[in-house]
Amino acid sequence: MTNPEIATLLGLVLAHLCGDFLFQPRKWVDSRQQHKHFSRALYLHAGLHGLLVTLVLALAGGGAGMLVVSVLVVAISHALIDLGKAHLVPSRLRWFLLDQLLHLLVLLGVWLTWLGSLQPLVEVAAWMTTPPVLTLASAYLLVTRPMAIAIALAMRPWSNEVSDPGTLVAAGARIGMLERFLVLTLVLLGELTAVGFLLTAKSVLRFGDLRERNDRKLTEYVLLGTLLSFSATLALGLMVRSIS
């Protein structure tokens, strides 16, 4: 892919982000949720996306017929997708992500049609099936749910000895996944010093609270779980670096 082709794709994505988040007033969202297909804001919003796509593709060049079809596809599909979301629970993360994914897939289709080739998809598929990419994908998958389960099983002999930590349900597991994601990324980038800062920051935040609770068993339990999580992720990251 050439730089102008990539620039066009990025321009379409930027136009979508501006239309959906920067140039969309809150009253348009409320109107769409309340009035559904009777909402004038729904069609104004779709028209805005069509206008932004027109600017991007006009700068990229191409035939007038292709431009008109692309704009109509983006505007109409955007209205239909947003109308579908208006009939669901908009506050659910899953519907927000699905909404954005569908919009981006439409833009990808428009871009590929503008290129007149599926070669970019072939190149991406070939890149995603290379050993380095598959190794990285496996490593990041391991530090999420699989490692959370492994650590929970390893900590089970001591879990019944500590009092209720009083945290949000499943919050600890999600925090652990995010911190392992960060640690793995830092190790792969060779920023081991930053891993130390991350561990120190968590210790200051977490163990200050534990000291106030005056529960030595809970403190030791949290410390053991933290070190186990960090150590396993460090080992995994170093192993990935050695074979990449």
Side-chain angles (χ1 to χ4, degrees), residues 5-60 62-118 120-122 124-125 128 137 140-141 144-146 148-149 167-178 181:
E5 292 171 347
I6 297 176
T8 300
L9 176 60
L10 294 177
L12 290 172
V13 173
L14 179 61
H16 168 73
L17 294 176
C18 290
D20 247 18
F21 302 105
L22 186 60
F23 299 144
Q24 180 176 207
R26 179 65 195 182
K27 62 182 180 180
W28 283 12
V29 179
D30 295 337
S31 174
R32 184 170 67 242
Q33 289 301 127
Q34 182 177 359
H35 302 294
K36 305 297 188 292
H37 60 279
F38 293 109
S39 171
R40 189 168 70 97
L42 173 67
Y43 306 105
L44 288 175
H45 181 60
L48 174 61
H49 277 275
L51 176 61
L52 293 172
V53 168
T54 300
L55 294 176
V56 173
L57 293 183
L59 292 174
M66 176 63 194
L67 178 61
V68 172
V69 172
S70 299
V71 171
L72 288 176
V73 167
V74 171
I76 294 173
S77 65
H78 204 100
L80 292 175
I81 292 170
D82 280 7
L83 181 60
K85 191 177 71 169
H87 288 278
L88 302 172
V89 182
S91 59
R92 293 288 181 87
L93 177 62
R94 70 185 71 169
W95 302 129
F96 170 78
L97 295 177
L98 179 61
D99 169 76
Q100 295 301 310
L101 176 61
L102 292 175
H103 290 318
L104 293 177
L105 286 176
V106 170
L107 293 178
L108 178 62
V110 167
W111 179 66
L112 291 173
T113 305
W114 175 79
L115 288 180
S117 171
L118 295 178
L121 292 183
V122 176
V124 170
M128 291 182 65
Y140 277 105
L141 177 61
T144 55
R145 187 66 176 167
I149 294 174
T167 59
L168 296 175
V169 177
R174 287 174 172 79
I175 292 172
M177 292 180 192
L178 290 174
F181 188 94

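Note that the structure is predicted; figures quoted are calculated from it, not measured.
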For the pair Leu88 and Leu98, evaluate side chain to side chain contact (heavy atoms under 4.5 Å, CB included) and give the outcome as yes or no after the intermediate values.
CA-CA 11 Å; Leu88 302 172; Leu98 179 61; 5.8 Å; no
Can you find a pair of side-chain heavy atoms, one from [X] and one from [Y], that are under 4.5 Å apart?
X     : Y      : value
Leu12 : Leu108 : no
Tyr43 : His37  : yes
Asp82 : Asp99  : yes
His16 : Val53  : no

Judged by atom type as modelled, is there a donor-acceptor pair below 3.5 Å linking the side chain of [X] to the main-chain atoms of [Y]?
X      : Y      : answer
Trp111 : Leu10  : no
Ser70  : Met66  : yes
Thr113 : Gly109 : yes
Gln33  : Val29  : no

Do any pairs count as a salt bridge (Lys or Arg N to Asp or Glu O under 4.0 Å) and have a residue in residues 40-59, sequence neighbours left out, and if so which ones?
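Of all non-adjacent pairs touching residues 40-59, none passes salt bridge (Lys or Arg N to Asp or Glu O under 4.0 Å).
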Rounded to the nearest 0.5 Å, what's the gap from [atom1] on [X] to [atom2] on [Y]? Could you check?
X     : Y     : atom1 : atom2 : result
Leu22 : Leu17 : CG    : CG    : 9.5 Å
Gln24 : Cys18 : CD    : SG    : 12.5 Å
Lys27 : Arg32 : NZ    : CZ    : 14.0 Å
Leu14 : Leu9  : CG    : CG    : 11.5 Å
Phe23 : Leu44 : CZ    : CG    : 15.0 Å

For the residue pair [X] and [Y], what are the closest heavy atoms and their distance?
X      : Y      : value
Leu42  : Ala79  : CD1-O, 3.7 Å
Leu67  : Ala58  : CD1-N, 4.3 Å
Thr144 : Leu141 : OG1-O, 2.6 Å
Ala86  : Lys36  : O-CE, 3.1 Å
Ala60  : Trp114 : CB-CZ2, 3.5 Å
Ala75  : Gly50  : CB-CA, 4.4 Å

Under the criterion side chain to side chain contact (heavy atoms under 4.5 Å, CB included), I'd like the reasoning laid out for Asp20 against His45: C-alpha separation, chi angles, the key distance, then a yes or no.
CA-CA 8 Å; Asp20 247 18; His45 181 60; 2.8 Å; yes
Counting only heavy atoms from other residues, nucleotides and ligands, does the tally under 6.0 Å from CZ of Phe21 exceed 12?
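Yes, enclosed.
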How far apart are the C-alpha atoms of His78 and His49, what are their side-chain angles, what is the distance that settles it, and do they pass the side-chain hydrogen bond (donor to acceptor under 3.5 Å, both in side chains) test?
CA-CA 8 Å; His78 204 100; His49 277 275; 3.2 Å; yes
